[in-house]
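First up is the structure itself, then whatever we jot down about it.
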Amino acid sequence: MKLLLLTVLCTFCFLPELRAEDIDITAEEKVEWHQKEQKIVAVGDAVAAKKDMSIRADRLIGYYAGRTTSTKGKSAITKVEARGKVIMKSPRASAFGDTMDYDLIQDVVILRGDPAKIETKAESVTAKDNITYYPQEQKAVAFGNVEAVDKEGNHLYSDKMIAFFEKSAASDKKSETQNMELEKVEIYGNVKIVTKDAVVTADKGLYLPKTGKVRLFDNIVIKQDTNILRGDQAETDLNTGISKLIASGKNQRVKGVFKEKSGNKQTNTQKTEKKQ
């Protein structure tokens with residue numbers, strides 16, 4: 001399957017730096033400025049907007065620091081809390097959840113929901129617990145009943161999914177945001193891939209977009225129609241479409257059970273292959 005759908009986890013990579021003077025906060029009910037506590041509270045369909053990004057929620061709280069040398073003499077947002085019906089939109093994707101915490105000091109963005117969801121026009125990733133992004137580490141983690149769906153209707157399930165990013169060689173260093181590329185995706189726990197042609201299960205997996213390789217490890221079962229293949233390692237080349245099942249040790253063998261119908265009778269054939 002085309003696991004490029006996992007690039008939707010890149011959403012949080014494109015959050016620009018937030019400063020108090022260049023972010024607009026509006027709300028239907030009220031906007032309060034708590035000067036002593038250095039925070040702004042917006043209630044009732046509250047929106048915090050900056051250029052191509054917006055965060056909408058029932059309630060928004062923005063915490064800011066005073067003017068310092070590190071902030072170039074400007075008040076800077078240090079944390080944003082969004083509560084209730086959270087919707088974050090950017091040019092590349094949208095995010096949905098019950099709460100979102102963006103802590104610029106701790107350098108972490110946490111989207112929670114039942115489920116938390118990130119989607120583009122063609123793909124989506126959901127997680128029952130949370131989706132967390134670490135800007136400096138260039139890493140996003142989805143926890144709890146993770147499900148990714150691409151435009152072709154293929155589904156990928158797992159307990160945890162970790163996406164690692166790197167700056168694109170084409171990134172403009174002077175730009176406020178950096179173009180990010182997906183470096184690799186690690187998938188752990190109850191891995192299941194469902195396509196129109198087959199169902200594949202494994203304990204863990206690795207996706208390397210630069211080479212177009214998908215690798216699965218441990219307790220692999222591939223079911224296609226009535227055929228079943230079992231092994232310890234599998235690799236798919238998305239560029240060539242070639243997949244192979246690999247035995248992990250000298251004494252291990254790849255096993256397959258193939259069933260076919262002949263008239264009204266069904267015959268079973270078991271086939272084993274040595275590691276190639």
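Side chains included, hydrogens not; waters and symmetry mates left out as well; all remaining heavy atoms used.
- Of all non-hydrogen atoms in Ser158 and Met161, the two that sit nearest each other are OG-CE, 4.0 Å.
- Within the 4.5 Å cutoff, the side chain of Val41 has no heavy atoms near those of the Trp33 side chain.
- Residues Phe143 and Ile110 share a single hydrophobic cluster, defined by chaining ILVMFWY side chains whose heavy atoms lie under 4.5 Å apart.
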request  = Report the C-alpha distance between Thr195 and Asp197 in whole Å, list the side-chain angles of each, state the deciding distance to 0.1 Å, and finish with yes or no for side-chain hydrogen bond (donor to acceptor under 3.5 Å, both in side chains).
outcome  = CA-CA 5 Å; Thr195 72; Asp197 299 318; 4.8 Å; no
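- When all heavy atoms of Val191 and Lys204 are compared, the pair lying nearest together is CG2-CA, 3.8 Å.
- Checked by atom type and distance alone, the side chain of Asp107 pairs as donor or acceptor with a backbone atom of Gln136 at under 3.5 Å.
- In summary, Arg83 and Asp98 do not engage in a salt bridge, as defined by a charged side-chain N under 4.0 Å from a carboxylate O.
- Looking at Asp225, its side chain never comes within 3.5 Å of a backbone N or O of Asn227 through a donor-acceptor pair.
- Under a 3.5 Å cut-off, the side chain of Thr78 and the backbone N or O of Tyr63 do form a donor-acceptor pair.
- Counting all heavy atoms, side chain and backbone alike, Lys196 lies closest to Asn154 at N-OD1, 4.2 Å.
- What you find for Gln233 and Leu245 is that their closest heavy atoms are O-CD1, 3.4 Å.
- With salt bridges taken as basic N to acidic carboxylate O contacts below 4.0 Å, none links Glu166 and Lys184.
- Heavy atoms only, all atoms of each residue included: Thr120 and Ala93 are closest at CG2-CB, 3.9 Å.
- Heavy atoms of other residues, nucleotides or ligands lying less than 6.0 angstrom from NZ of Lys139 number more than 12.
- For the atom pair CD1 (Ile220) and OG1 (Thr201), the distance works out to 8.5 Å, reported to the nearest 0.5 Å.
- Side-chain contact of Glu186 with Tyr188: a donor-acceptor pair under 3.5 Å is present, judged by distance alone.
- Taking every heavy atom of both residues into account, Glu183 and Pro209 meet most closely at O-CD, 3.2 Å.
- Each of Asn130, Thr132, Asp101 was compared with Arg112 under the side-chain hydrogen bond (donor to acceptor under 3.5 Å, both in side chains) criterion, and only Asp101 meets it.
- The number of heavy atoms from other shown groups lying within 6.0 Å of NZ (Lys39) is above 12.
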